[in-house]
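Just so you know, these numbers use all the heavy atoms, side chains as well, and skip hydrogens, waters and symmetry mates. Letters go in sequence order (proteins before strands), and every chain restarts at 1.
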Amino acid sequence: MTDVQLFVGLGLLLWLLGLHAVMTHRHTIHRLIAINVSGSGVFLVMVSLASRGEGVDPVMQALVVTGLVVAVCATAFALRLGSARQQSHDEAESPS
Amino acid sequence: MTADGFFDALLAMLIVSLACGALYSRSLYRAVVFFIALGLSLALVWARLSAPDLALAEAAIGAGLTGVLLLSALKHQAAEPLRPMRPSFQLLMAVLTGVTFLLVLTTVWSMPAGMAQVGQLALNSVNDSGVEHPITAVLLNFRAWDTLLELLVVVLALLGVRQLKLPNDRLPVAWPLLLAWSKLLAPLSLLLGVYLLWRGADAPGGAFQAGALIGSGLLMLKLVGLAPTTPWSHWGIRLLVLLGSFTFLLVAMATDVFGAGWLTYPPGWNKALILLIEVAATASIALSLAMLAGSDHRELNQ
Amino acid sequence: MSGFITVMGLIMVIVLTVLLLALLASLVRVVRGPTRADRLLSVQMMSTVGTGILLLMAHYGQQPALIDAALIIALLAAVINAALVQLLRAPRHD
Amino acid sequence: MTEVWGLISGPVAHAVAYGFLLIGAFFFISGTLGVLRFPDIYTRLHAITKADTLGLGFIVLGLCLISGSARTSLLMIGVWVLVMASGATACQLLARYEQDDTDRERRDDR
Amino acid sequence: MSWALLSLASPLLAALLALMIRHGADRIVLGATLISLIAAVLALASINGEQPVSLNLGGWEQPLAIRLELGHLSALLMILTGTLHLLVGLYNRVSDHGTSSRSDYWPLSALMHAVLLALWLSRDLFNWFVTLELLSLAAVAMVTLSGPKAYAAALHYLMLSLMASLFYLLGIALLYGQEGVLDINQLAQQLTDTPITRLSLLLMTLGLMMKAALWPLYLWLPDAHANAPTAVSALLSSLVVKGPVFILWMILWHLAPAPFAEQLGLVLALFGGVALLAGAWSAMTTPYLKTLVAYSTVAQLGYVLIALGLSLRWQALELATALWLFIIAHALAKVSAFLAAGEMQGTYGRKELTVVKGATLTMPVAMFAFAIAGGSLIGLPPSGGFLAKWILLQPMFTSPAHWPWAFTILAGTLASAAYVFRVVSLSFDQPDITPGSLTQNLPAQWLSLLPALLVWGLALLSHPLLLWLSRGAVV
């Protein structure tokens with residue numbers, strides 16, 4: 001087993017662990033953490049594949065940088081959306 | 001087993017246990033702390049896999065931004081009940097994912113080795129790109145169209161948050177120690193951000209890492225109440241948020257109308273144009289991320 | 001001379017491994033707590049240890065950019081602590 | 001001056017540097033043990049912010065000696081100063097937070 | 001190519017300008033949409049009957065650069081996007097039930113327009129990933145425009161779409177890991193049938209099916225589409241779900257090795273059959289008007305899945321023509337149906353299905369729009385829906401082994417007739433209210449009628465349309 005294979009395997013494991021957790025949890029924060037762990041797994045696969053040859057593949061790494069930005073923005077939006085939903089839920093429960 | 005292999009195995013073990021902690025802690029707070037720790041450790045993995053750009057980005061995001069975001073969300077959403085799924089369902093899912101893992105792993109095992117074709121091409125063309133660092137060349141020249149769209153992702157996320165009826169945060173008055181500390185940290189993060197941006201042309205770093213870092217500094221100032229308010233209704237704030245996308249789009253259009261084609265930088269201009277875009281993008285990303293994570297209803301919806 | 005270099009490499013790996021083990025050990029504090037501060041304390045510890053690892057790797061793998069990463073981690077671990085204190089502290093006057 | 005520099009970058013200095021690294025590792029071990037074994041948060045805070053920071057200091061010192069480059073050394077010392085300051089502040093902040101927190105019953109995280 | 005780029009750049013610039021200059025955002029966006037539409041028409045004219053035009057962005061050589069390609073299909077979809085965005089935008093401005101002027105509807109819809117054009121033009125796997133993310137974010141942001149009641153649906157939609165992106169991204173990573181290129185033509189040339197190829201195509205298919213709400217991964221759609229503001233529902237159902245379908249078709253048609261395509265095609269077509277019936281059943285039983293229209297999208301996407309699956313299974317290009325005709329016809333009809341339903345819901349002030357009782361008397365124009373849009377959804381001749389279904393049925397008549405598919409489509413037609421007539425028959429009842437008690441907005445109702453008339457007018461255009469589509473389908 002080479003180190004690339006180790007980290008590709010680790011990435012796939014993270015991806016699936018996240019997937020499993022997303023399906024078995026209901027709380028928004030739990031689910032978003034799971035999605036992010038899953039995403040880190042995918043990025044890990046990509047970065048490991050990028051470091052296969054002599055030197056590293058800049059294209060794959062650049063893709064991961066882009067993916068990371070997308071992920072953090074979407075996560076931020078989702079978390080704020082979750083907070084807003086909870087607030088409207090609370091207001092509906094106790095009109096005061 | 002070699003010493004390196006031993007180190008890798010330990011690192012993998014660390015990551016797996018952190019991930020399990022983040023995913024399966026019954027307490028949300030604990031899960032969040034685990035997740036922050038996972039971000040820190042992933043930076044080590046990127047470092048190990050010779051991806052220093054990602055180590056920088058992950059350190060800025062995983063440690064700073066996501067942590068603050070999650071802690072803030074925790075404050076607002078702690079009331080939501082956990083309602084775990086039935087154990088039989090969880091078991092079924094575990095078996096399913098386990099089988100999938102084995103299938104996927106055995107398939108991917110046969111992945112051929114060696115550098116990807118496009119990666120090699122990118123490395124060979126770096127000298128014509130205007131910058132020396134290959135990843136910056138990919139992001140701002142070879143695949144600049146992706147990056148333009150990526151800047152729009154940041155704008156869109158902020159726009160999305162702007163539509164929401166957010167709870168208004170009432171943060172406590174910060175302790176004097178914290179105030180003094182923030183006054184030190186914020187300029188430091190600005191300094192470090194500028195340094196990363198400046199280095200991006202020929203070494204790991206660049207607009208996004210710099211933006212995330214400066215954004216975190218700004219966010220911290222917001223949290224302790226030192227930052228000036230950044231209301232969306234002010235045209236200057238909007239301009240700063242949109243500056244990166246505007247600059248990039250105008251460059252693209254100008255190169256199409258006056259030059260050789262959409263995003264084809266004229267020879268001799270490429271370095272200057274890339275620098276211009278990077279500076280504008282850094283400013284936009286920093287402000288957008290800080291507002292995305294830390295602005296409340298009053299600031300966004302006046 | 002080559003023997004000397006391998007001894008150096010060995011020391012490097014030993015130190016790295018010790019630091020990684022310290023990282024693993026800090027997980028115990030996240031699990032066991034018992035208080036919120038305890039759990040965050042382990043983040044502080046991880047950032048210190050992680051900084052050390054990054055510095056060593058910067059030297060070991062000839063990647064000077066990792067020093068910048070260490071700098072960022074040191075900076076942002078501080079931000080996390082501040083954020084926790086500000087966000088999760090109950091408002092005093094309200 | 002050149003003699004001094006030769007002494008610093010020579011094999012003896014290297015041996016000393018690797019010695020520093022080992023001492024650093026030793027401090028990390030003791031810090032970790034402290035975090036695991038000490039009875040309450042305040043003592044544990046001590047273990048982290050003192051022992052680990054000291055350990056990092058030794059490692060930085062060792063690496064500075066090995067690298068011999070002024071720029072790298074300066075950056076690494078910067079990292080160390082930052083970690084030291086951040087450790088000290090975090091120690092204060094967390095201790096105060098903990099004190100604030102124990103009044104209200106918030107031990108259970110949920 | 002430059003017309004296409006103008007078409008792409010103008011809504012993008014308009015979105016940024018509308019965010020900057022908030023006064024008159026509607027005029028900026030509508031003007032830019034018109035420019036974009038005209039440019040798209042000129043782009044189609046510029047390639048009429050010729051080979052598609054490629055543009056390597058940044059002037060780099062092929063596998064390194066991101067490639068845009070303007071073919072007949074892309075040009076047609078650009079025109080469709082421009083037309084629908086213009087119509088929906090006009091409706092939103094005219095109607096009394098549009099989004100409030102303080103909200104960011106205009107920049108968001110312009111961004112969505114630009115992103116869709118970028119998606120139709122792109123031929124790069126990773127660039128598609130970014131456009132998909134943009135599309136989802138824009139869609140979710142637009143769903144939240146209707147206030148806190150939509151937050152739960154929007155959150156659900158966003159999380160599922162994030163999950164879906166990860167499937168797609170992992171697929172790209174594995175494919176790129178094996179082949180080392182991201183351009184779809186380049187991949188098509190050098191791809192071999194290995195387990196990794198199959199796995200990555202499968203992962204991408206799953207992700208895209210989630211994003212496009214194809215059965216059985218459609219659960220997020222009805223809530224999100226029914227809770228959004230009317231103009232947004234129309235855009236989401238008619239255009240946004242079609243983006244992932246386009247990518248799905250591109251990757252499966254170009255990249256899937258033949259034996260794998262046949263297996264996967266069968267599964268997709270079976271899913272499509274189930275979607276037809278399940279979606280129609282839900283539409284028949286839901287008590288709410290807009291939810292009915294949203295479930296009809298699920299059912300109609302069933303036809304799309306069948307056409308996609310069977311074209312892969314039989315390697316039949318004419319079915320791809322049917323697929324794209326379906327998509328165009330459905331987009332037009334669905335815009336009409338949603339606008340009419342939303343206008344009625346807004347005017348009557350309730351969201352139950354029973355509001356349409358007597359609508360032929362009280363709101364005849366809107367009801368007429370709904371009915372003839374429904375006619376195209378059912379597939380009555382000579383609407384665009386009929387045309388598409390007719391082409392889809394052609395190869396099925398040739399051999400008795402294919403008859404079960406024809407029966408499925410027939411059953412689906414009957415089921416869609418059932419839910420359309422459920423609304424229409426109710427509208428012929430005696431109204432509970434007098435027409436005078438309503439404040440009607442006739443221009444808005446006429447606007448909702450316009451796309452439905454267009455879909456019936458497709459029959460007149462069918463010859464060039466089929467020609468373009470059969471050309472566009474190959475490339």
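Between chain C and the options B/Ser17, B/Pro204, B/Ala47, B/Ala55, the largest number of non-hydrogen pairs under 4.5 Å is found for B/Ala47. Contacts with chain B were tallied for C/Ala78, C/Pro64, C/Ser42, C/Gly50; C/Ala78 has the most, counting heavy-atom pairs under 4.5 Å. For chain B, the option among C/Asp68, C/Val31, C/Leu40, C/Leu23 with the highest count of heavy-atom pairs below 4.5 Å is C/Asp68.
Residues B/Phe7 and C/Met57 form a side-chain contact, since some pair of their non-hydrogen atoms from C-beta on lies under 4.5 Å apart. Side chains of B/Arg48 and C/Leu66 form no contact here, defined as non-hydrogen atoms less than 4.5 Å apart.
C/Leu24 and B/Met13 make their closest contact through CD1-CE, 3.9 Å (heavy atoms, listed as atom of the first residue, atom of the second, distance). Shortest non-hydrogen contact noted between C/Ala69 and B/Leu56 is N-CD2, 3.4 Å. Here the closest non-hydrogen pair linking C/Gln63 and B/Ala51 is OE1-N, 4.3 Å. A pairwise comparison of heavy atoms in C/Leu76 and B/Ser216 identifies CD2-CB, 3.7 Å as the closest pair. Looking at every heavy atom in both residues, B/Leu71 comes nearest to C/Ile80 through CD1-O, 4.3 Å. For the pair C/Ile72 and B/Ala59, the tightest heavy-atom approach, listed with the atom from each and the gap, is CG2-CB, 3.8 Å.
Separating the CG atom in B/Leu188 from the CG atom in C/Leu71 is a distance of 7.0 Å, to the nearest 0.5 Å. One finds the CZ atom of C/Arg39 at 13.0 Å from the CD1 atom of B/Ile36 (value rounded to the nearest 0.5 Å). In this structure, the separation between CG on B/Leu44 and CD1 on C/Ile53 is 5.0 Å, given to the nearest 0.5 Å.
Contacts between residues 282-293 of chain B and chain C, counted as heavy-atom pairs separated by less than 4.5 Å, involve no residue at all.
The part of B/Leu196 that comes within reach of chain C is its side chain, from C-beta onward, which places non-hydrogen atoms under 4.5 angstrom from that chain. In this structure, chain C has no heavy atom under 4.5 Å from any part of B/Ala73. Contacts of B/Leu178 with chain C are made by side-chain atoms alone, with heavy-atom separations under 4.5 Å and no backbone atom involved. Of the two parts of B/Ser50, the backbone and the side chain both hold a non-hydrogen atom closer than 4.5 Å to a non-hydrogen atom of chain C. Proximity to chain C (any heavy atom under 4.5 Å) is restricted, for B/Arg199, to the side chain, taken from C-beta onward. Contacts of B/Leu14 with chain C are made by both backbone and side-chain atoms, with heavy-atom separations under 4.5 Å. Using a 4.5 Å cut-off between heavy atoms, B/Trp181 touches chain C through its side chain atoms alone. Contact of C/Gln86 with chain B is made through backbone and side chain together, with heavy-atom distances under 4.5 Å. Looking at C/Val49, there are no atoms closer than 4.5 Å to chain B (heavy atoms on both sides), in backbone or side chain.
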Any chance you could lay out the side-chain contact (heavy atoms from CB on, under 4.5 Å) test for C/Leu87 and B/Val68, step after step, and finish with the verdict?
CA-CA 9 Å; C/Leu87 283 169; B/Val68 176; 4.3 Å; yes

